[in-house]
Amino acid sequence: MIIISKMNNEVLLEIKGLHKEYENKKVLNNIDLEIHKGEVVVILGPSGCGKSTLLRCLNGLEPIQGGDIKLSGKSLTDKNVNWQEVRQKIGMVFQNYELFPHMTVIENILLGPTKVQKRDKNEVLEQAKQLLDRVGLLDRMDSYPRQLSGGQKQRIAIVRALCMNPEVMLFDEVTASLDPEMVREVLDVMLELAKQGMTMAIVTHEMNFAHAVADKIVFLDSGNICEVASPEEFFKNPKTERAQHFLNIFEY
Ligand SMILES: Nc1ncnc2c1ncn2[C@@H]1O[C@H](COP(=O)(O)OP(=O)(O)OP(=O)(O)O)[C@@H](O)[C@H]1O
Ligand SMILES: [Mg+2]
């Protein structure tokens, strides 16, 4: 049987020797990481180890003090980098759905593609409807965020990011503030995206999900990459004591 990988060899994001400090406190230390096109990288690690900071560095929300980040071979540390352009290629969804409360679902989704990308409204509307349908929320197009559940809002936040046609999506604990019964519906959307070949970097505390979705697990501890492994290897046979201890806490 020939197994065709959904990944290809093209490196989409390349992180080399990344150093990040907050007020002289080292938060990320010499991070090397490659994310290939179509690859799903799940970043695990204890609270405060630097997971969110790493994602925030990737789309320029945090200045870095050393090393380099390249998107499709282009350095993001270059002084002339056009961040507005770069951020359109890197979609990000956070723990707290940041939908504009005074705008309907569809207005929230159309805003970036029409105002920032200056795309044709009807074309974007078609795409938005298809995406809303895929996440089961087409009928909530004209609702306001306050009329939606947490899980629904988070699925809308994902659609809003996808509608910009990003090359890679970053997810930072997108289910962390959801009630347990709503976690599944959001994770399913991300699993579906992974199947379709979306390149993703995901921070999560959902170990079953991490196991199922990841091509590669990156285990961070105190700002250092301790392990990079396939999910099979990592969950069955973590090499470092720190990772073993971490997994014990999750009783995984
Ligand atoms: N704006 C900031 N100013 C100063 N220190 C910060 C700032 N943001 C984060 N830190 C510190 O940097 C370290 C890494 O934080 P980060 O939020 O990246 O951790 P995390 O792995 O995402 O944790 P969690 O799992 O709790 O979300 C922590 O020690 C944190 O206190
Ligand atoms: Mg975090």
Side-chain angles (χ1 to χ4, degrees), residues 13-35 40-69 76-77 83 87 90-99 150-151 153-154 157-158 161 168-180 182-183 186-187 189-190 200-214 216-229 231 234-235 238-252:
L13 270 172
E14 184 184 6
I15 304 157
K16 263 224 153 80
L18 170 61
H19 276 275
K20 168 73 192 166
E21 295 177 7
Y22 287 116
E23 297 130 19
N24 297 327
K25 181 180 174 285
K26 277 190 187 163
V27 175
L28 293 172
N29 208 1
N30 201 22
I31 301 287
D32 289 331
L33 181 64
E34 282 184 353
I35 303 179
V40 178
V41 174
V42 172
I43 301 160
L44 302 177
S47 180
C49 72
K51 304 177 297 293
S52 297
T53 304
L54 177 58
L55 291 191
R56 290 169 60 79
C57 289
L58 294 183
N59 74 347
L61 293 174
E62 294 289 346
I64 64 174
Q65 282 71 47
D68 197 10
I69 302 168
L76 302 184
T77 47
W83 276 106
R87 290 208 185 97
I90 307 178
M92 185 149 179
V93 184
F94 302 89
Q95 179 172 337
N96 297 314
Y97 14 82
E98 278 134 23
L99 299 172
K153 275 186 272 200
Q154 207 51 311
I158 294 172
V168 51
M169 288 281 288
L170 313 177
F171 293 94
D172 191 1
E173 299 206 45
V174 293
T175 60
S177 52
L178 298 181
D179 291 337
M182 284 160 198
V183 169
V186 175
L187 296 183
V189 169
M190 291 159 77
M200 307 199 269
I202 302 173
V203 171
T204 182
H205 283 123
E206 299 284 337
M207 294 301 135
N208 284 315
F209 168 69
H211 200 154
V213 80
K216 185 158 91 189
I217 300 280
V218 173
F219 179 70
L220 266 187
D221 193 43
S222 308
N224 296 291
I225 292 188
C226 291
E227 288 194 40
V228 179
F234 182 79
F235 287 107
K239 288 186 207 70
T240 57
E241 248 177 62
R242 287 172 176 210
Q244 285 161 15
H245 178 70
F246 174 79
L247 289 175
N248 283 341
I249 292 171
F250 283 93
E251 296 177 348
Y252 198 86

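Basis for what follows: all heavy atoms, side chains included, without hydrogens, waters or symmetry-related copies. Read the numbers this way: they start at 1 and go in the same order the structure lists the ligands and their atoms.
Within a 4.0 Å radius of atom 20 (P) of ligand 1, the protein contributes one or more non-hydrogen atoms. Of the protein's heavy atoms, at least one falls inside 4.0 Å of atom 13 (C) of ligand 1.
Using a 4.5 Å heavy-atom threshold, the side chains of Gln95 and Val174 count as separate. No side-chain heavy atom of Met169 sits under 4.5 Å from any side-chain heavy atom of Met92. No side-chain heavy atom of Arg242 sits under 4.5 Å from any side-chain heavy atom of Asn224. Looking at heavy atoms from C-beta onward, Ser177 lies in side-chain contact with Asn96 at the 4.5 angstrom threshold. The side-chain heavy atoms of Met207 and Phe246, taken from C-beta on, include a pair separated by under 4.5 Å. Residues Leu44 and Val42 are in side-chain contact: their nearest non-hydrogen atoms beyond the backbone lie under 4.5 Å apart.
Looking only at heavy atoms of the protein, atom 28 (C) of ligand 1 is closest to Gly48 O, 3.6 Å. Scanning all protein heavy atoms for the shortest distance to atom 26 (O) of ligand 1 gives Ser47 OG, 2.6 Å. Looking from atom 17 (O) of ligand 1 to the surrounding protein, the closest heavy atom is Ser52 CB, 3.8 Å. Of the protein's non-hydrogen atoms, Tyr22 CD1, 3.1 Å is the one closest to atom 6 (C) of ligand 1. The shortest contact between atom 27 (O) of ligand 1 and any protein heavy atom is with Glu173 OE2, 3.4 Å.
Counting only protein atoms, the N, O or S atoms lying less than 2.8 Å from the Mg ion (ligand 2) are Ser52 OG, ordered by chain and residue number.
A distance of 14.0 Å separates CD1 of Ile31 from NZ of Lys16, quoted to the nearest 0.5 Å.
Residues satisfying the side chain to side chain donor-acceptor pair (under 3.5 Å) test with His205, not counting sequence neighbours, are Glu173. Under the side chain to side chain contact (heavy atoms under 4.5 Å, CB included) criterion, Val183 pairs with Thr175, Leu178, Leu187, Glu206, sequence neighbours left out. Listed by chain and number, the residues in a ring pair (Phe, Tyr, Trp, His ring centres under 6.0 Å) with Phe235 are His211, Tyr252 (sequence neighbours excluded).
Annotation: Lys25 places an N or O atom under 3.5 Å from an N or O atom of ligand 1; distance criterion only. The distance criterion of under 3.5 Å between nitrogen or oxygen atoms is met by Cys49 with respect to ligand 1. At under 3.5 Å, a nitrogen or oxygen of Lys51, whether backbone or side chain, sits near a nitrogen or oxygen of ligand 1.
Of all the heavy atoms in Cys49 and Asp221, the pair that sits closest is CB-CA, 4.0 Å.
In this structure, of Thr53, Thr204, Leu28, Val203, the residue bringing a heavy atom nearest to atom 15 (O) of ligand 1 is Thr53.
Looking at Lys153, its side chain never comes within 3.5 Å of a backbone N or O of Leu99 through a donor-acceptor pair.
Using a 4.0 angstrom heavy-atom cutoff, Gly45 does not count as in contact with ligand 1.
Those atoms of ligand 1 that come under 4.0 Å of a heavy atom in Val27, given as number and element, are 12 (O), 13 (C), 14 (C).
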